[in-house]
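Given the structure is predicted, the values throughout are model-derived calculations rather than measurements. By convention in this document, chain letters (A, B, ...) are assigned in the order of the sequence lines, proteins followed by strands, and residues within each chain are numbered from 1.
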Amino acid sequence: MASPQENTAPPPAMGSHLLERLNDAQREAVEAVDGPVLVLAGAGTGKTRVLTVRLANILATRRAAPGQILSVTFTNKAAREMSERVAGLIGRPTEGMWLGTFHAIGARILRRHAELVGLRSNFTIIDTDDQLRLMKQIIEANQIDEKRWPGRALTIIISRWKDKGWLPDQVPTSEVDDFAHGKSVDLYREYQQRLSELNAADFGDLLLLCLTLFLKHPDVLADYHRRFQYILVDEYQDTNVSQYLWLRLLAQGSNNICCVGDDDQSIYGWRGAEVGNILRFETDFPGAKVVRLERNYRSTAHILGAASGLIAHNESRLGKTLWTEAPDDELGEPVKIQGVWDEAEEARTVGESIEDLQRHDNSLDQMAILVRAGYQTRAFEERLITIGVPYRVIGGLRFYERQEIRDACAYFRLIRQGDDDLAFQRIVNKPKRGLGDKSLQTLYAIARGRGQSLLSASEEVITTDELPPARRTALREFVENIARWRAEASQLSPSELAEIVLDESGYTAMWMADKSVQAPGRLENLKELVRATAEFESLDDFMNHVSLVMDIETDSTDPMANIMTLHGAKGLEFDTVFLPGWEEGVFPNQMAIEEHGYAGLEEERRLAYVGLTRARKRAIVLFAANRTVHGQWQSNIPSRFVDELPQDHTERAEASGYGFVQDDGALWQIAMNKPDQGGRQSNYHRVIEARNQRYGDEEVFVPVGQGRAVPELGSRVFHQKFGYGQVKGIDGAKLDISFDKAGQKKVMADFVEPV
DNA sequence: CGTATATATCTTTTT
DNA sequence: GATATATACG
């Protein structure tokens, strides 16, 4: 371990070359080494550069050893990039540095002191799946109707409390939800209790329990104060209260904390992030130096102009003016705006542009399609496959979130830790061992009655006649397998063990027997899992890594077009950025506005700003008149963000379809559905009203969704399974139908077609 | 107990 | 359209 450096005179030459290629503001940010520093870094102003050079500079001038630096990011991607770039700058790996995500570092700290917060150091980090399963059990145990008070809702409530740094006893009464008539805090307490019994922590705990640790054990905190001489934080605008408190506690030591962020790029409010943290920095850290980076090196003047014009519609912001040095005749291409008929045409249009750009020597790696929500990727994937353009979806399902990986890990967890009931429940009957609901309910009752874990209860149950013989045998085999693997674990390397477990449990065989299209992919993932375990010393190490850090490696070096959500694009940049789905309801997202009102809208606008500013050379905004949502057609009007893009930085492409809309005096087309296909009234009115509000009473073609109409009383209908019949009664979308062959049935209207 | 079918709900964004 | 849950049947 490195001892603290004592006034080692820094060889000036070592650090100075690092500063050469920085502008004044950047250099100021790098050189303000001591004391609190806030760097307000607009999009594309060289934020990462400042962070990495700052780090390299601290190391090169020997102000601190790597082990004395804490560097926190939000994503693993960002952590990795920083590590690589710093290593490149100083010419050696950044070993020993505490560099990682808030959660990964929180976990690392907790494992060293787990006993002090009621855990053991090999505690399991549970994912949202397990979290939900546990929550449902608690709700059920309290005789609360899960239908009325869904576990999912409670996990969200509790997560938000954890984001704010509240343990059950700290939740202010004013904040208590009426969930299950005010029982939410009790349920929260019970949930924490169960987690502790299971030796498990959820994501929120990784920070929350650190806070508890620091506050209850000042000696531990003092130890970290001595350790961390310099603290760096990326994306500070996205920190939640608990992360903020965590940082503030740690920074009390050296007071050398440097936070980098941009209030205009705060897009995680829904996850508890508080823009207030960045706005309040100077109060929180007295004597703070604030540096603004406003010179943009990334985007053309047109893109910057469009983005700035858009974000100017937000009221709550610190206000920054980004500028670029490009001369007037090098404005670049205006942001292109194009309306299309539906998502298929949207995908086709983007596909054609991609092919066209490719023909002009643009690399696919430099193109990205940024969508608001995951479901939008599908149309693009299908299209790109059809035209043979290679692509990658970034940030879709992470490796660990795949079902088969979670299952496999549940086996490992149970081997490691027999009282991991959540893991037990996940896999006792995967593959099918004939242990269905009935047997398991019996087993749960027995375990609960004796206050035992499911596995140890099982060990006893297999010697009694509490379960019917066939089930008992199945359970015995399972229990003995676990015991045997546990015994073998010490002898074997992690990958050998993984292979044996997956094989002998029948888990691999289960997927081999599965003839669904996904099965081969799942087997491939399992192989990848085994391969990945080989890189670790123990299964413990691996488990530790997999849930927090590991993600799918697209190690293919072939150029590919990128598809990802706008959130996933934070921190990235591309020559060309496609921004589809700019429609009211989709983007800005309807739910965001309904739930968070004006603040929600502003966050959506920041998201649009983030999207635009990812582009270096070109941005193409698209909106579709029609889109299928939940399998139903829906008509939408263009997003208000489209109108908010300043006209002198945009160019409107001719749209396909029908309809004319008055727009600031200029007539232009947007695509519209045919008006004669008899459809859903509510949707029709909604769209017309929205349109009129925005554009006045212009004569326009009207869009009509193609939703299936509810059949009339007495009409004849056809049902896939029951055949032909007559409608006898209508209750909303539910129909009473007398079928010719199958008799009287209640059926949802969506399941029948009019004849 | 497992399977097939019917219904419900879902999609906002993630460590 | 896709996936979890509920119900009926083999």
Side-chain angles (χ1 to χ4, degrees), chain A residues 72-79 100-107 125 127-129 131-133 136 146-147 150-152 156 159 162-163 201-207 235 238-240 242-243 266-273 370-379 382 395-398 400-401 403 429 431-440 468 470-471 474 516 518 547-551 564-570 581 585-596 600 603-604 606-607 610-611 627-632 719-722 733-734 745-751:
Chain A
V72 208
T73 62
F74 265 82
T75 63
N76 294 304
K77 197 167 55 187
T101 61
F102 276 99
H103 294 88
I105 290 173
I125 298 166
D127 54 52
T128 44
D129 254 24
Q131 204 180 350
L132 184 57
R133 185 174 306 130
K136 283 184 175 171
E146 219 263 339
K147 274 272 170 52
R152 222 180 123 61
I156 293 171
S159 295
K162 291 190 173 183
D163 288 340
D202 65 19
F203 276 111
D205 287 339
L206 298 179
L207 292 152
E235 309 281 11
D238 288 328
T239 49
N240 59 35
S242 134
Q243 288 161 332
S266 158
I267 53 176
Y268 282 100
W270 54 274
R271 214 179 71 188
L370 309 183
V371 297
R372 173 66 240 270
Y375 69 86
Q376 290 171 259
T377 61
R378 182 133 116 233
E382 282 170 5
L397 258 199
R398 258 153 298 285
Y400 179 74
E401 282 167 1
Q403 222 190 98
N429 206 28
K432 300 252 182 316
R433 299 185 172 91
L435 294 165
D437 251 6
K438 188 74 184 300
S439 326
L440 293 181
R471 317 294 159 213
S516 69
Q518 302 107 308
S547 55
L548 279 179
V549 185
M550 200 161 147
D551 48 25
M564 67 191 91
T565 63
L566 286 158
H567 285 87
K570 189 172 77 164
V586 177
F587 188 39
N589 180 277
Q590 191 62 34
M591 237 176 269
I593 295 179
E594 277 167 18
E595 277 173 30
H596 304 109
E603 181 154 313
E604 293 289 297
R606 290 194 291 270
L607 204 46
V610 167
R627 187 177 288 282
T628 45
V629 179
H630 302 173
Q632 292 277 310
H719 184 274
Q720 281 288 346
K721 189 175 170 216
F722 303 132
K734 283 183 193 140
K745 302 259 181 203
K746 269 197 195 299
V747 177
M748 295 296 290
D750 282 346
F751 285 82

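- For the pair A:Ala373 and A:Leu435, nearest-nucleotide mapping onto DNA chain B gives the more 5' position to A:Leu435.
- Take A:Arg471 and apply the side chain to side chain donor-acceptor pair (under 3.5 Å) test, not counting sequence neighbours, and it matches no residue.
- Remark: A:Ser439 is in phosphate contact with B:dC1, judged by side-chain N or O atoms under 4.0 Å from OP1 or OP2.
- Of the candidates B:dT12, B:dG2, B:dT15, the closest approach to any side-chain atom of A:Arg372 belongs to B:dT12.
- Taking atom CD of A:Glu235 as the reference point, atom P of B:dT14 lies 14 Å away to the nearest angstrom.
- One can place CG of A:Asp163 at 14 Å from P of B:dT15, the figure rounded to the nearest angstrom.
- Across B:dC1, B:dT14, B:dT15, the shortest atom-to-atom separation from the side chain of A:Lys438 is found for B:dC1.
- For the pair A:Tyr375 OH and B:dT12 C1', the computed distance is 8 Å after rounding to whole Å.
- Under the 3.5 Å distance criterion, the side-chain polar atoms of A:His567 are matched with a main-chain donor or acceptor of A:Ile267.
- Of all heavy-atom pairs spanning A:Asp238 and A:Gln243, the tightest one is O-OE1, 3.9 Å.
- As a whole-Å value, the separation of A:Asp238 CG from B:dT15 P is 12 Å.
- Here B:dC10 presents its C1' atom at 13 Å from CZ of A:Arg378, a figure rounded to the nearest Å.
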Detail all sub-3.5 Å separations between protein N/O atoms and N/O atoms belonging to nucleotides 3-8 of chain C.
| from | atom 1 | to | atom 2 | distance (Å) |
| --- | --- | --- | --- | --- |
| C:dT5 | OP1 | A:Lys136 | NZ | 2.7 |

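- Taking only side-chain atoms of A:Glu604, from C-beta outward, the nucleotide of B:dT15, B:dT12, B:dC1 with the closest atom is B:dT12.
- Checking B:dT15, B:dT11, B:dT14 against the side-chain heavy atoms of A:Thr128 singles out B:dT15 as nearest.
- Stacking is not found between A:Phe102 and the pyrimidine-like six-membered ring of the B:dT15 base under the 5.5 Å centre-distance and 30° plane-angle cut-offs.
- Distance from the side chain of A:Asn429 is smallest for B:dG2 among the nucleotides B:dT13, B:dT11, B:dG2.
- One interatomic measurement links the two molecules: CG of A:Leu370 to C1' of B:dT13, which rounds to 13 Å at whole-angstrom precision.
- A:His567 has its NE2 atom 4 Å from the C1' atom of B:dT13, to the nearest Å.
- Taking the side chain of A:Asn589 as heavy atoms from C-beta on, and the options B:dT12, B:dT15, B:dT13, the nearest nucleotide is B:dT12.
- The side-chain contact (heavy atoms from CB on, under 4.5 Å) test with A:His103 is passed by exactly one of A:Asn76, A:Val72, A:Leu206: A:Leu206.
- Between the NZ atom of A:Lys162 and the C1' atom of B:dT15 there is a distance of 14 Å, rounded to whole Å.
- Listed nucleotides B:dG2, B:dT12, B:dT15 differ in distance to A:Glu401; the shortest reach to its side chain belongs to B:dT15.
- Residue-level contact check: A:Arg152 touches the backbone only, with heavy atoms under 4.0 Å from sugar-phosphate atoms and none from bases.
- The two atoms that bring A:Arg372 and A:Leu566 nearest to each other are CA-CD1, 4.1 Å, heavy atoms only.
- OP1 or OP2 of C:dG1 has not a single side-chain nitrogen or oxygen of A:Thr628 nearer than 4.0 Å.
- Geometric assessment of A:Lys570 against the ring of A:Phe74 yields a positive cation-pi assignment under the 6.0 Å and 45° thresholds.
- Of the two residues near DNA chain B, A:His596 and A:Gly434, the one whose nearest nucleotide lies more 5' is A:Gly434.
- The same atom, P, is picked in B:dT13 and in C:dA4; the two are 16 Å apart, to the nearest Å.
- When all heavy atoms are compared, the tightest approach of A:Ile125 to A:Tyr400 is O-OH, 4.4 Å.
- Salt bridge annotation for A:Asp205-A:Lys162: present, with a cationic side-chain nitrogen under 4.0 angstrom from a carboxylate oxygen.
- Closest contact between the side chain of A:Arg471 and the listed nucleotides B:dT14, B:dC1, B:dT12 involves B:dC1.
- Closest approach to the A:Tyr268 side chain among B:dT12, B:dT15, B:dT14 is made by B:dT14 (side chain taken as heavy atoms from C-beta onward).
- Remark: A:Glu401 engages A:Arg398 in a salt bridge (Lys or Arg N to Asp or Glu O under 4.0 Å) (not counting sequence neighbours).
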